[in-house]
Amino acid sequence: MTLRLGVIGTGAIGQDHIRRITHKLSGARVVALNDINKAQARAFATQERLDARVVDTGKEVVDAADVDAVVVTSWGPSHEEFVLASIAAGKPVFCEKPLAITAAGALRIVEAEMKHGRMLVQVGFMRRYDAGYRALKKVLDAGAIGDALMVHCAHRNPSVPENYTGDMAITDTFVHEIDVLRWLLDDDYVSAQVIAPRCTRHAHAGLHDPIIVLLETRKGIRIDAEVFVACRFGYDIQCQVVGETGAANLPEPQSVPLRSAGRASTEILMDWKQRFIDSYDVELQEWIASTQAGVVHGPTAWDGYFAAVTADACIAARRSGQVVPISIADRPAFYDNKR
Ligand code: NAI
Ligand code: ISE
């Protein structure tokens, strides 16, 4: 059965997801779409010659009789509303990260899903589908460096748009590390601290960039992560896990080592779209298959909630300069066997 999808939000990643669903993946097609910028949604549908209608609101997408499942790719603050509407309609929903921009919002989704009685929500934490992170996890799980003790990370963007404001370094950017490290280490967090070094002159007004986030896990692993979103030099994702007997690094994306004009060099990608391009394909193809089977295999609403609780703690830590404890109830049995 071909899954008929409705997409809300036809900006950068919404367009990419629609193109991959339409041209690359199998088992689904987009039948309805919406964006608050309706002209842009229309122009995109025309340009791509989509066999899909543009409707007036996100809620119309969710409620459309011919939409079997929903893809939410609008701005973070709107996610909660559309995910809750999808649950109320009993429809599976793939929601780009973050699930919600506050822990309270994510909890409302968890509660609504549990009340509904069946898992419907998957969160777009695509790094779990990346071949590099999967290879790193395999090495850790095989015990090749003993128990993990420390993790050093960097999440660098060359620049961010003007509408990237406030706490988005945490809720929109660092949220990837929050999820993928929890999955990688098979652990949860107990505290957060945020340090603000000297601010780059390239940060927009009101944004303190870079920041360093320190997390501590239940097992006592210490994580330090640099989040630097106006670094200018590349889209650069680094992760090194130091264990009792070795250190394991996230593989760099493949590029040809070049020797030219008196230099030896390798390319650094500039665009997030390229860095994890294959993982989006795997993620959405697996989501289509599991949705057709009526189950959720990927990151759940609980994972989205855990990420939001951690993000809230990071935001509080950034404001207070203190170490902020992270406490969360045990995962409900409803979400068992899922991390
Ligand atoms: P964008 O700004 O390019 O596109 C967002 C679109 O949503 C815009 O066209 C906007 O008009 C529309 N929109 C906003 N509120 C809406 C509403 N209430 N109803 C309908 N449409 C609405 O942003 P981008 O980069 O595409 O990001 C969208 C979401 O995807 C964000 O949550 C972001 O964090 C996430 N994302 C995830 C990535 C990943 O690697 N998994 C990468 C990039 C973005
Ligand atoms: C964007 O939304 C993403 O998800 C990218 O992966 C991240 O690097 C960027 O900072 C976010 O704004």
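Basis for what follows: all heavy atoms, side chains included, without hydrogens, waters or symmetry-related copies. All ligand and atom numbering here is 1-based and tracks the order in the structure.
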Quiz item: How long is the span from the CG atom in D130 to the CD atom in E283, to the nearest 0.5 Å?
Solution: 11.0 Å
Exercise. Apply salt bridge (charged side-chain N to carboxylate O under 4.0 Å, His left out) to the pair E177 and R127, showing each step before the final yes or no.
Key: CA-CA 9 Å; E177 272 74 20; R127 288 196 191 176; 2.8 Å; yes
Quiz item: With the threshold set at 4.0 Å, does a side-chain nitrogen-carboxylate oxygen contact exist between K91 and D68?
Solution: no
Quiz item: Just by distance, with hydrogens left out, do Y235 and R275 show a side-chain donor and acceptor under 3.5 Å apart?
Solution: no
Exercise. For atom CD of Q254, decide whether the heavy atoms of other residues, nucleotides or ligands shown that lie under 6.0 angstrom number more than 12.
Key: no
Quiz item: Is F44 isolated, or which residues cluster with it under the ILVMFWY side-chain rule of less than 4.5 Å, directly or via members?
Solution: M1, L3, L5, V7, I18, I21, L25, V30, L33, L50, V54, V71, F94, L284, W287, I288
Self-check item: Short N-O contact, R128 and D179, less than 4.0 angstrom
Solution: yes
Pairwise, report which nitrogen or oxygen atoms of ligand 1 are under 3.5 angstrom from protein nitrogen or oxygen atoms, and how far apart they are.
unit_1	atom_1	unit_2	atom_2	d
ligand 1	2 (O)	W75	NE1	2.7
ligand 1	3 (O)	A12	N	2.9
ligand 1	9 (O)	D35	OD1	3.3
ligand 1	9 (O)	D35	OD2	2.7
ligand 1	9 (O)	Q40	NE2	3.2
ligand 1	11 (O)	D35	OD1	2.6
ligand 1	21 (N)	I36	N	3.1
ligand 1	26 (O)	A12	N	3.2
ligand 1	26 (O)	I13	N	2.9
ligand 1	32 (O)	H79	NE2	3.3
ligand 1	32 (O)	K97	O	2.9
ligand 1	34 (O)	K97	O	3.0
ligand 1	34 (O)	K97	NZ	2.8
ligand 1	34 (O)	D172	OD1	2.6
ligand 1	40 (O)	Y280	OH	2.6
ligand 1	41 (N)	E96	OE1	3.0

Quiz item: Under a 4.0 Å heavy-atom cut-off, which residues neighbour ligand 2?
Solution: K97, H155, N157, Y164, D172, T173, H176, Y235
Quiz item: Taking 4.0 angstrom as the limit, do R20 and D281 come out as a salt bridge?
Solution: yes
Quiz item: Got a sec, which residues hit side-chain contact (heavy atoms from CB on, under 4.5 Å) with R318, two or more places apart in sequence or on another chain?
Solution: D167, A169, I170, V194, H208, I211
